[in-house]
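Some notes on the structure that comes next.
Quantities reported herein were computed from a predicted structural model and do not represent experimental measurements. Residue numbers begin at 1 in each chain, while the letters A, B, ... track the order of the sequences.
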Protein chains: 2
Amino acid sequence: MPAVAREVDRFQQFLQQQGLKLTSERTALVREIFSTHYHFEADELLFKMKEKSVKISRATVYRTLELLVKSGMVRRVHLGEDHYHYEHVSGNSHHDHLICTTCGGVIEFHDEEIERLQRAICEKKKFTPTFHNLQILGVCESCTRRGETPDAPDRVKMIQATRLRK
Amino acid sequence: MPAVAREVDRFQQFLQQQGLKLTSERTALVREIFSTHYHFEADELLFKMKEKSVKISRATVYRTLELLVKSGMVRRVHLGEDHYHYEHVSGNSHHDHLICTTCGGVIEFHDEEIERLQRAICEKKKFTPTFHNLQILGVCESCTRRGETPDAPDRVKMIQATRLRK
DNA sequence: CCCTAAACTGAGACTCAGTCTCAACTCGTC
DNA sequence: GACGAGTTGAGACTGAGTCTCAGTTTAGGG
Ligand SMILES: [Mn+2]
Ligand SMILES: [Mn+2]
Ligand SMILES: [Zn+2]
Ligand SMILES: [Zn+2]
């Protein structure tokens with residue numbers, strides 16, 4: 001019944017299908033990802049687990065994320081920084097991102113018309129699309145009101161501070 | 001008169017404006033970038049220079065690329081791999097990319113209608129865009145004809161082979 | 001043309017995200 | 001409950017990119 005349990009189940013399903021195993025580590029990660037995180041970094045997740053005294057190695061975090069991406073339950077995205085971010089897909093379907101370069105905030109959007117035009121272009125170029133990725137960088141409403149200049153995201157520092165490693 | 005010389009000049013202009021200097025290394029890099037490369041990686045450029053026996057350090061390559069990006073003459077893009085690619089902007093204005101995940105080929109496109117819709121979304125979300133980035137991954141025409149499955153780009157291996165480092 | 005301060009360079013140490021290895025362990029099925 | 005395939009963690013490793021600093025080059029004022 002709890003939504004998180006359902007996600008663990010979905011993952012279990014996928015793993016079984018692949019002849020893989022559901023371990024306590026994998027369960028813990030899925031629960032964490034689907035109960036709190038939305039857009040997150042691998043190391044952030046690693047740290048969160050450490051915080052909760054759930055001991056999971058860096059390797060396992062990366063390996064599990066890879067599986068989750070393969071299963072389609074998690075998406076790996078570029079958000080304008082030089083490493084990947086992840087987001088769980090759960091019910092929510094495809095969308096793209098507006099990314100504030102001042103506060104690091106992310107606004108999601110979906111525009112069927114843009115999607116349609118993309119398909120049209122692919123057709124014209126005889127290109128078979130499998131996936132796409134649209135990021136618009138800029139300054140969000142509240143940052144604009146605070147008169148922020150678009151540059152060095154504070155979030156980078158924030159996350160850096162949050163991080164432990166070693 | 002040669003187009004490349006004009007680009008060196010543009011860069012000179014920019015550097016002067018910033019109180020920076022045009023060095024032989026920077027000149028060599030601009031000449032190389034604007035005469036042969038289109039989408040390229042930093043290390044690929046480093047290697048090309050080594051090949052031509054123009055000795056330029058890794059640090060200088062990265063520093064110069066950063067300046068070129070600041071000057072607007074070069075754009076830094078994600079092409080679906082986990083490191084940056086660069087492309088010179090010269091006359092050619094904004095465009096986005098179709099990227100073949102089989103052969104690594106890149107097709108450029110520009111669709112004013114998509115651009116317009118993006119602006120509309122930003123307006124609706126009260127977001128001030130400064131920049132955007134749209135990649136569509138998939139399989140190009142010739143790869144489709146060769147019946148290639150969309151996966152592991154050969155280009156990665158190709159580039160890896162091309163590379164020297166140390 | 002020369003002098004000089006400011007900018008620049010290369011070598012290599014360093015960082016950091018991500019991957020790999022391998023011995024010890026765990027899951028799930030028989 | 002036994003077994004083998006699959007998994008784990010520790011830590012070594014990779015590769016892109018950054019930083020440091022001593023020595024070098026540039027540009028522009030004299
Ligand atoms: Mn999202
Ligand atoms: Mn391009
Ligand atoms: Zn903001
Ligand atoms: Zn192709």
Side-chain angles (χ1 to χ4, degrees), chain A residues 8 11-30 40-47 49-50 53-70 76-79 81-86 152 156-157 159-166, chain B residues 8 11-30 40-47 49-50 53-70 76-79 81-86 152 156-157 159-166:
Chain A
V8 174
F11 193 39
Q12 159 99 285
Q13 220 85 91
F14 168 80
L15 290 171
Q16 216 148 33
Q17 233 170 325
Q18 311 284 311
L20 305 179
K21 293 170 177 172
L22 180 65
T23 63
S24 64
E25 290 83 358
R26 290 177 181 174
T27 304
L29 286 170
V30 171
F40 62 95
E41 314 182 357
D43 269 15
E44 216 180 331
L45 177 58
L46 178 63
F47 179 71
M49 302 313 287
K50 221 165 243 162
S53 316
V54 181
K55 299 227 312 337
I56 298 186
S57 70
R58 164 183 313 277
T60 295
V61 167
Y62 277 101
R63 287 187 286 230
T64 304
L65 284 173
E66 197 186 335
L67 287 171
L68 282 165
V69 169
K70 274 189 188 140
R76 192 161 82 147
V77 290
H78 273 303
L79 294 181
E81 286 172 43
D82 58 359
H83 53 268
Y84 290 106
H85 284 237
Y86 297 83
V156 175
K157 294 159 215 154
I159 287 174
Q160 233 119 52
T162 297
R163 213 176 275 162
L164 187 68
R165 178 173 274 243
K166 172 172 322 141
Chain B
V8 174
F11 194 38
Q12 159 100 284
Q13 219 88 89
F14 168 80
L15 290 171
Q16 216 147 33
Q17 232 169 325
Q18 311 284 311
L20 305 179
K21 291 169 180 174
L22 180 65
T23 63
S24 62
E25 289 83 359
R26 290 177 181 174
T27 305
L29 286 170
V30 172
F40 61 96
E41 315 182 355
D43 269 16
E44 215 180 332
L45 178 56
L46 178 63
F47 179 70
M49 302 313 285
K50 222 166 243 163
S53 317
V54 182
K55 299 225 312 345
I56 298 186
S57 71
R58 163 182 316 275
T60 295
V61 166
Y62 278 102
R63 285 187 288 230
T64 303
L65 283 172
E66 197 186 336
L67 287 172
L68 282 165
V69 169
K70 274 189 188 139
R76 193 161 82 147
V77 291
H78 272 304
L79 293 181
E81 286 172 42
D82 59 359
H83 55 268
Y84 289 106
H85 283 236
Y86 297 83
V156 175
K157 294 159 215 154
I159 287 174
Q160 234 120 50
T162 298
R163 213 177 274 160
L164 187 69
R165 179 175 273 242
K166 176 170 316 139

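Side-chain contact between B:Leu46 and B:Tyr62: absent, with no pair of heavy atoms (C-beta onward) separated by less than 4.5 Å. Counting only heavy atoms from C-beta outward, the side chains of B:Leu65 and B:Leu45 approach each other to under 4.5 Å. Counting heavy atoms from C-beta outward, A:Leu22 and A:Val8 have side chains that approach closer than 4.5 Å.
Straight-line distance from the CD atom of A:Glu44 to the P atom of C:dA17: 11 Å, rounded to whole Å. Between the CG atom of A:Leu65 and the C1' atom of C:dT19 there is a distance of 14 Å, rounded to whole Å. When the C1' atom of D:dG6 is taken as reference, atom CZ of A:Phe14 falls 14 Å away, rounded to whole Å. The CD-C1' distance, from B:Gln12 to D:dT26, rounds to 11 Å in whole Å. In this entry the distance linking CD of B:Glu41 with P of D:dG17 reads 8 Å, nearest Å. What separates CG of A:Leu68 from P of D:dT7 is a distance of 13 Å, to the nearest Å. Distance CG (A:Leu46) to P (C:dA17): 10 Å, rounded to an integer number of Å. Rounded to whole Å, atom C1' of C:dT9 lies 15 Å from atom CD of B:Glu66.
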Practice item. Report the C-alpha distance between B:Phe11 and B:Leu20 in whole Å, list the side-chain angles of each, state the deciding distance to 0.1 Å, and finish with yes or no for side chain to side chain contact (heavy atoms under 4.5 Å, CB included). Key: CA-CA 10 Å; B:Phe11 194 38; B:Leu20 305 179; over 6 Å; no
Check your understanding: Is there a side chain to side chain contact (heavy atoms under 4.5 Å, CB included) between A:Asp43 and A:Val61 once you walk through the steps?
Key -> CA-CA 8 Å; A:Asp43 269 15; A:Val61 167; over 6 Å; no
Point to revise | side chain to side chain donor-acceptor pair (under 3.5 Å) assessment of A:Ser24 paired with A:Thr27 | key: CA-CA 5 Å; A:Ser24 64; A:Thr27 304; over 6 Å; no
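Annotation for B:Glu66: atom CD does not count as buried by contact number, only 12 or fewer foreign heavy atoms lying within 6.0 Å.
Among all heavy-atom pairs drawn from A:Phe14 and A:Leu67, the shortest one is CE2-O, 3.7 Å. Counting all heavy atoms, side chain and backbone alike, B:Ile56 lies closest to B:Glu25 at CD1-O, 3.7 Å. Here the closest non-hydrogen pair linking B:Arg63 and B:Ser57 is NH2-OG, 4.5 Å.
Axis angle, first five pairs versus last five pairs of the helix from C:dC1-D:dG30 to C:dC30-D:dG1: 30°, rounded to 10°.
Of the candidates C:dT29, C:dG10, C:dA17, C:dA17 carries the atom nearest the A:Asp43 side chain, counting heavy atoms from C-beta on. Set against D:dG9, C:dG10, C:dG18, the side chain of B:Ile56 has C:dG10 as its closest nucleotide.
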What nitrogen or oxygen pairs link the protein and nucleotides 19-23 of chain D at under 3.5 Å?
none

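Note on A:Thr60: a side-chain N or O is less than 4.0 Å away from OP1 or OP2 of D:dG9. Of the side-chain N and O atoms in A:Tyr62, none sit less than 4.0 angstrom from OP1 or OP2 of C:dT19. OP1 or OP2 of D:dG28 has at least one side-chain nitrogen or oxygen of B:Gln16 nearer than 4.0 Å.
Where B:Leu67 and A:Arg76 meet DNA chain C, the nucleotide closest to each residue was compared, and B:Leu67 sits on the side nearer the 5' end.
Under the 3.5 Å distance criterion, the side-chain polar atoms of B:Arg26 are matched with a main-chain donor or acceptor of B:Lys21.
Ring centers of B:His78 and B:Tyr84: under 6.0 Å apart, within the cut-off.
DNA chain D is contacted by A:Gly19, A:Leu20, A:Lys21, A:Thr23, A:Glu25, A:Arg26 of residues 17-30 of chain A, taking any non-hydrogen atom closer than 4.0 Å.
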